[in-house]
Every structure is written in structure tokens, then in C-alpha cells.
2 protein chains.
Amino acid sequence: MSTVKRDEVCEVSFINKKKVNFVKKRMKPERTFQLLAETFRVLGDPTRAKIIFALSQQELCVCDIANLLGMSKSAVSHQLRVLRNMRIVKYRKEGKVVYYSLDDDHIKNLFDECLNHVEE
Amino acid sequence: MSTVKRDEVCEVSFINKKKVNFVKKRMKPERTFQLLAETFRVLGDPTRAKIIFALSQQELCVCDIANLLGMSKSAVSHQLRVLRNMRIVKYRKEGKVVYYSLDDDHIKNLFDECLNHVEE
DNA sequence: CAAATAGTTGAACATATGTTCAACTATATC
DNA sequence: GATATAGTTGAACATATGTTCAACTATTTG
């Protein structure tokens, strides 16, 4: 073996092979962790958190959300697209106006659980 | 008024002032949304999601986590610091070895709820 | 049909974030 | 005390992300 010390995948023998194998067997597939992280990541931005909260209270159009948050319509629209892509919000068109609302109770539950956590 | 069209804070009259005020009254303080987003953001990375899941199954040292995830100790340690700062994991020292475990059931519940969501 | 308005979009920009690398500390062992 | 190992840390780097800006579409109204 070379004498070069490299900080790569813990070349060292396992500290506790049993424990590692125990967890390895229970580990979820890569795809699950990707989805999990993606879901949390979308909620993990203050602007999107505000939008989600606002829509949990009331169906709103883009302009109203922009007013509420003191942001540009463009910025809000970009974020709404992210939420749309993740199926977190849905929308309906009424003339020129596009009304957004939450698509999924699941997300609202998740959101509320975290809200209790940080508000306690 | 100038004729220049600028895409700033929706200068346009409100679409529905009543709705906006309704939500404005119920709106949480800025700080709450910051905390909320910060909490979600920490969970919103695949590496950290894996670490949290692993620690929900078994107390592990840094080297074992690195082995499990196929990552460098350094990368894992950096992420553990993030989780430590958010009080999501705690640790105990035993000689040279540092054992990490989840600090808070609250986070595990949040995590599991999202896991059900993406696994269904 | 022209003007106004709600909303969307892509490019540009600044900032945030995750991993690597190298150097470091602390503990155990020879 | 020298060496090896577990873990941490800061800087550097590449990439991801959020907002702005300007241009665009679509719908309504004069």
C-alpha cells in the first residue's frame, strides 16, 4: 500500500461492521432519499414557505400574493412554478387572473407539523 | 405617473384587497418563516437525509456513516456540523470515536411523515 | 384594433451550498 | 515520545438557487 494519506472513502477498517450492515439492510433506495430531499428542499425557502402558508389560508392570485409578500410578480411567479412542478399548488384561470391554491393536504400537514415545532 | 412599466411591487391596485387583508391578519411573523424554512432546508439535502435516516436506525460514528454512504469522513463531518447546529443530532465521545444519534423525536416524526408521503 | 393588465419566461447576476483538499487536534498504542 | 487513527476545520472550487430585468403571451376593455 502507498504511504500517501488520503481522505477518501474511509479506507480504514470499519469501526463497527455489524452496525453498518444492520443499517445498510434497512437503508431506503437512492430514489427515495432524492424525493425526500427534494420535497423538503422546496419547503426550505422563506418565500415559498410564506406562499404555502398564505395559500393554506386562502386561494389567491399572483398579484395578491405579490402584494402580500411585498415582492415582484415575476419573483412570485418563478416560485409558483417550482411549487407547481412539485404538485404542491394547483391553479385555475379566470379571465386574465390565475388563482392558486394548495394541491395536497399531505404537504399542509407536513407544513403544520413543522410550524408547531418552531412555534413551541 | 410615469409611463415606464416597471415590474416592482405590484403597483397595480389589489385584485382582491379583502382576501389580502384576511391573510395578512393571519400571517406569521418573519422570524417564524425563517425558522420554518431553515428547518426544512436542513432536511432538504440527500446526504443529510441519509444521515438522519441512518441515525434513526442506529447510533453511529463518523467513520461508519462515511462507510455506509460511500463518502469521505470530511464531507460527513461537515454535514454533521450542520445537523449539530440545528440540534438535530447529538453526540458522545468514546476515546477517539465520536458517536452520533438523533437529538429530537420531533424531527424524526417530520421525517417519517415525509417518508410516507414519497413512498406511497 | 389599440391600450392596459395579469401572468410567464429566459438570461443575467449575486449569493448560497456541498464536496474536496490539506492541515490540524485529540486520543490510543507501540 | 513517536506513530497511527478518528474526527474537525477553513479555503477553494464548482454548482445550485433566488431575484431582477426585459421581453413576451393572453385576456379584457375602450
Side-chain angles (χ1 to χ4, degrees), chain A residues 1-16 20 33-34 37-38 40-51 60-67 69-86 89 91-100, chain B residues 1-16 20 33-34 37-38 40-51 60-67 69-86 89 91-100:
Chain A
M1 266 300 198
S2 85
T3 52
V4 182
K5 277 186 254 171
R6 284 171 306 163
D7 192 11
E8 56 179 38
V9 182
C10 205
E11 7 156 357
V12 187
S13 54
F14 294 75
I15 297 296
N16 192 326
V20 173
F33 287 113
Q34 294 294 337
E38 204 178 345
F40 280 127
R41 193 173 47 73
V42 170
L43 305 174
D45 169 78
T47 298
R48 287 192 293 267
K50 286 174 200 170
I51 292 176
L60 291 169
C61 68
V62 179
C63 210
D64 280 347
I65 299 173
N67 267 290
L69 305 191
M71 295 181 67
S72 72
K73 282 181 294 177
S74 175
V76 170
S77 181
H78 277 298
Q79 297 297 8
L80 283 170
R81 178 167 54 170
V82 175
L83 296 173
R84 235 161 43 218
N85 288 343
M86 288 293 289
V89 301
Y91 64 96
R92 67 184 178 84
K93 243 185 141 174
E94 202 172 277
K96 280 184 298 187
V97 183
V98 179
Y99 288 98
Y100 281 87
Chain B
M1 266 302 198
S2 84
T3 52
V4 182
K5 277 186 254 171
R6 283 172 305 162
D7 193 10
E8 55 178 39
V9 182
C10 206
E11 8 157 357
V12 188
S13 55
F14 294 75
I15 298 297
N16 192 325
V20 173
F33 288 113
Q34 293 295 337
E38 204 179 344
F40 281 127
R41 193 174 47 72
V42 170
L43 304 174
D45 170 78
T47 298
R48 287 192 293 267
K50 287 174 200 169
I51 293 176
L60 292 168
C61 68
V62 179
C63 209
D64 280 347
I65 298 172
N67 267 291
L69 305 190
M71 296 180 67
S72 70
K73 282 181 292 177
S74 176
V76 170
S77 182
H78 276 299
Q79 297 297 9
L80 283 169
R81 179 167 54 171
V82 174
L83 297 173
R84 235 161 42 217
N85 289 343
M86 288 293 289
V89 300
Y91 64 97
R92 67 183 179 84
K93 240 184 144 177
E94 201 172 276
K96 281 185 296 188
V97 183
V98 179
Y99 288 98
Y100 281 86

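Protein chains get the first letters and strands the later ones, always in sequence-line order, with residue 1 at the start of each. Only this structure's heavy atoms are used, side chains among them; waters, hydrogens and symmetry mates stay out. Being a predicted model, the structure only gives us computed values, none of them experimental.
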For [X] and [N], give me the distance from atom [atom1] to atom [atom2], rounded to whole Å.
| X | N | atom1 | atom2 | answer |
| --- | --- | --- | --- | --- |
| E94(B) | dG7(D) | CD | C1' | 15 Å |
| I65(A) | dT19(D) | CD1 | C1' | 16 Å |
| Y99(B) | dT27(C) | OH | P | 16 Å |
| L83(B) | dG7(D) | CG | P | 16 Å |
| Y91(A) | dA26(D) | OH | P | 13 Å |
| K73(B) | dT27(C) | NZ | P | 16 Å |
| R48(B) | dT17(C) | CZ | P | 9 Å |
| L80(A) | dT9(C) | CG | P | 11 Å |

Please determine whether a side-chain nitrogen or oxygen atom of [X] lies at a distance below 4.0 Å from atom OP1 or OP2 of [N].
| X | N | result |
| --- | --- | --- |
| R84(A) | dT8(C) | yes |
| Q79(A) | dT17(D) | no |
| T47(A) | dG18(D) | no |
| R81(A) | dG10(C) | yes |
| R41(A) | dT17(D) | yes |

Side chain of [X]: nearest nucleotide among [options]?
| X | options | answer |
| --- | --- | --- |
| Y100(B) | dG7(D), dG18(D), dT8(D) | dT8(D) |
| M71(B) | dG7(C), dG7(D), dT19(C) | dT19(C) |
| V62(B) | dG7(D), dT8(C), dT17(D) | dG7(D) |
| C61(B) | dT20(D), dG7(D), dT19(C) | dG7(D) |
| K93(A) | dG18(D), dT8(D), dT27(D) | dT27(D) |

Which heavy atom in [X] sits nearest to a heavy atom in [Y], and how many Å separate them?
| X | Y | value |
| --- | --- | --- |
| P46(B) | A37(A) | N-CB, 3.4 Å |
| V89(A) | R84(A) | CG2-N, 3.7 Å |
| V42(A) | R48(A) | O-NE, 2.6 Å |
| L43(B) | A49(B) | O-CB, 4.2 Å |
| M86(B) | E38(B) | SD-OE2, 3.6 Å |

(message) Between V76(A) and K96(A), which residue's closest nucleotide on DNA chain C lies nearer the 5′ terminus?
(response) K96(A)
(request) Please indicate yes or no: is the ring centre of H78(B) less than 5.5 Å from the centre of the six-membered base ring of dT9(D), with the two planes inclined by under 30 degrees? (result) yes
(request) For side-chain contact (heavy atoms from CB on, under 4.5 Å), just list the numbers for Q79(A) and I65(A), CA-CA rounded to whole Å, side-chain angles, deciding distance to a tenth of an Å, and then say yes or no. (result) CA-CA 11 Å; Q79(A) 297 297 8; I65(A) 299 173; over 6 Å; no
(message) Can you tell me whether the side chain of S74(B) and the base of dT9(D) have a donor-acceptor pair closer than 3.5 Å?
(response) yes
(request) For Y99(A), enumerate each residue passing the ring pair (Phe, Tyr, Trp, His ring centres under 6.0 Å) test, keeping only those at least two apart in sequence or located in another chain. (result) none
(message) Nearest heavy atom decides the nucleotide; on that basis, is V82(A) or S77(B) closer to the 5' end of DNA chain D?
(response) S77(B)
(request) Just report the end-to-end axis angle for the helix from dC1(C)-dG30(D) to dC30(C)-dG1(D), five pairs per end, to 10 degrees. (result) 10°
(message) Just verifying a value: how many Å separate C61(A) SG and R92(A) CZ, rounded to the nearest 0.5 Å?
(response) 10.0 Å
